[in-house]
Peer 1: 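If you scroll down you'll find the structure; I have some questions about it.
We count ligands from 1, going down the list as the structure has it; atoms in each ligand are counted the same way.
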Amino acid sequence: MSASGYVDLRSDTVTRPTAAMRRAMADAEVGDDLFGDDPTVIQLQEQTAALTGKQAALYLPTGTLCNQIAMHAFTRSGHAVVCEESAHVGTHELISSAMLSGITFRTIAGSRGLVTAAQVAAALEPVPYDVAVVDLVTVENTHQIGGGTVMPVTAMTEIAAACAGRGVPLYLDGARIFNACAVTGADVSQYATQAAALMFCLSKGLGAPIGSMLAGDAGFIEEAGRLKILLGAGWRQAGIMAAAGLIALAEGPKRLAEDHATARRLAEGIAEILPAHIDLDAVQTNIVFVDVAGAGLPLAAWEASLAGEGVLVTIVAGKIRMLTHADVTASDIGAALDAWRRVTAAFGVPSPARAP
Ligand SMILES: Cc1ncc(COP(=O)(O)O)c(C=O)c1O
């Protein structure tokens, strides 16, 4: 349960820094990151490069900024990026991408967010008389709107081959790549090696209060560093945050399987209450979507009523979204399921759990 007294399932970004993180932040050795001499930031960037097998890495405030800088570096204004139709880059970041890079998206309909190499190859097929030029393919792993679904390394390898066949670079939005690794058992470098560049968030399941990492070859990261300053993200004594990031990187991946188990318990509990409204096969990591749109009440009513019962959720892609994270305990899941039971009963939605 969060400090606010709610079971906060709105996102895996809501975790509070651990005591160890707060101590490390207080004691962090810092410099001025705009001058490139913050030793704690340098350490975090070097560790990320080593972990991903890339030549270099850059510490940035958000995953969105990582994606935006990467897409700007790989594309030209007026050109396109191929992505899955509900990918973060092509939905939440559609306007930023248009504003900052003048790019558009060629989208592929995935299955629970996941695309195949054949679909990517088809999207890269030249179209006669078409003026669109594709500069980049992106994949998202885990796929958020898809339900936190996992792309295996083999699928990514095939997609990389399809991209290489057309000479188009592949970028990985790996905001939650460590969640994927916790399921597949793969090392993050096995995914990273398939992509020209990738990003992951320290601020999500890994538990850091802020920050995301962009990794790629040295020339790309040098250009990304220039764009970071151009966009106003030269964040000075960022080592204070990077100190927490180092702990997140070292400790965070180890406990993600717990979040996945908690999400599974939550999803299976919801399936008992509202079996027609949940896709259990999509629950592969720490994300649970409940599709109550057809139950006859506005989504905002579910959100407000669950909050009234002490459980915070969000509405994403027309569904109720919940994420598990380090600050969610087994008893929180019990409390969340009790809240769902009470709200479902109050709304008069048929539930087999209430059948006589
Ligand atoms: C898949 C994916 N990419 C990128 C982002 C953006 O990360 P941030 O919130 O740090 O900007 C998110 C955030 O939820 C995400 O889910």
Peer 1: Is the shortest distance from a Lys or Arg side-chain nitrogen in D33 or K228 to a carboxylate oxygen in the other one below 4.0 Å?
Peer 2: yes
Peer 1: Q194 versus I159: any side-chain heavy-atom pair under 4.5 Å?
Peer 2: no
Peer 1: Please identify which atoms of ligand 1 are closer than 4.0 Å to at least one heavy atom of T62.
Peer 2: 10 (O), 11 (O)
Peer 1: For ligand 1, which atoms, with element, lie under 4.0 Å from some heavy atom of D173?
Peer 2: 1 (C), 2 (C), 3 (N), 4 (C)
Peer 1: Checking a contact table here: which protein heavy atom is nearest atom 9 (O) of ligand 1, and how many Å away?
Peer 2: K204 NZ, 3.5 Å
Peer 1: Could you identify the single nearest non-hydrogen protein atom to atom 10 (O) of ligand 1 and state the distance to 0.1 Å?
Peer 2: G63 N, 2.8 Å
Peer 1: Give the numbers and elements of all ligand 1 atoms closer than 4.0 Å to a heavy atom of M199.
Peer 2: 3 (N), 4 (C)
Peer 1: For the side chain of E29 and the backbone of T40, is there at least one donor-acceptor N/O pair under 3.5 Å apart?
Peer 2: no
Peer 1: Does Q68 approach ligand 1 within less than 4.0 angstrom via side chain, backbone, both or neither, non-hydrogen atoms only?
Peer 2: neither
Peer 1: Mind checking what makes side-chain contact (heavy atoms from CB on, under 4.5 Å) contact with E251, not counting sequence neighbours?
Peer 2: I247, K254
Peer 1: Would you mind listing which atoms of ligand 1 come within a distance below 4.0 Å of any non-hydrogen atom of E140?
Peer 2: 1 (C)
Peer 1: Do NZ/NE/NH1/NH2 and the carboxylate oxygens of R176 and D12 come within less than 4.0 Å?
Peer 2: yes
Peer 1: So which bit of N67 gets within less than 4.0 Å of ligand 1, heavy atoms only: side chain, backbone, both or neither?
Peer 2: side chain
Peer 1: What protein heavy atom lies closest to atom 15 (C) of ligand 1? Include the residue and the distance to one decimal.
Peer 2: H88 CD2, 3.4 Å
Peer 1: Which protein non-hydrogen atom lies closest to atom 11 (O) of ligand 1, naming both residue and atom, and how far is it?
Peer 2: T64 OG1, 2.6 Å
Peer 1: Please verify whether a non-hydrogen atom of R176 lies at under 4.0 Å from ligand 1.
Peer 2: yes
Peer 1: Is there a donor-acceptor pair closer than 3.5 Å between any side-chain N or O of H325 and the backbone N or O of T15?
Peer 2: no
Peer 1: Enumerate the atoms of ligand 1 whose separation from the nearest heavy atom of A175 is less than 4.0 angstrom.
Peer 2: 1 (C), 2 (C), 3 (N), 15 (C)
Peer 1: State whether K204 and D259 are salt-bridged, where the test is any N-O pair (Lys NZ or Arg NE/NH1/NH2 against Asp/Glu carboxylate O) under 4.0 Å.
Peer 2: no
Peer 1: Answer with side chain, backbone, both or neither: which part of H143 has a heavy atom less than 4.0 angstrom from an atom of ligand 1?
Peer 2: neither
Peer 1: For the residue pair F74 and F220, categorise the inter-ring angle as parallel (less than 30°), tilted (30 to 60°) or perpendicular (more than 60°).
Peer 2: parallel
Peer 1: Strictly below 4.0 Å, N to O, side chains only: are E222 and R226 in salt-bridge contact?
Peer 2: no
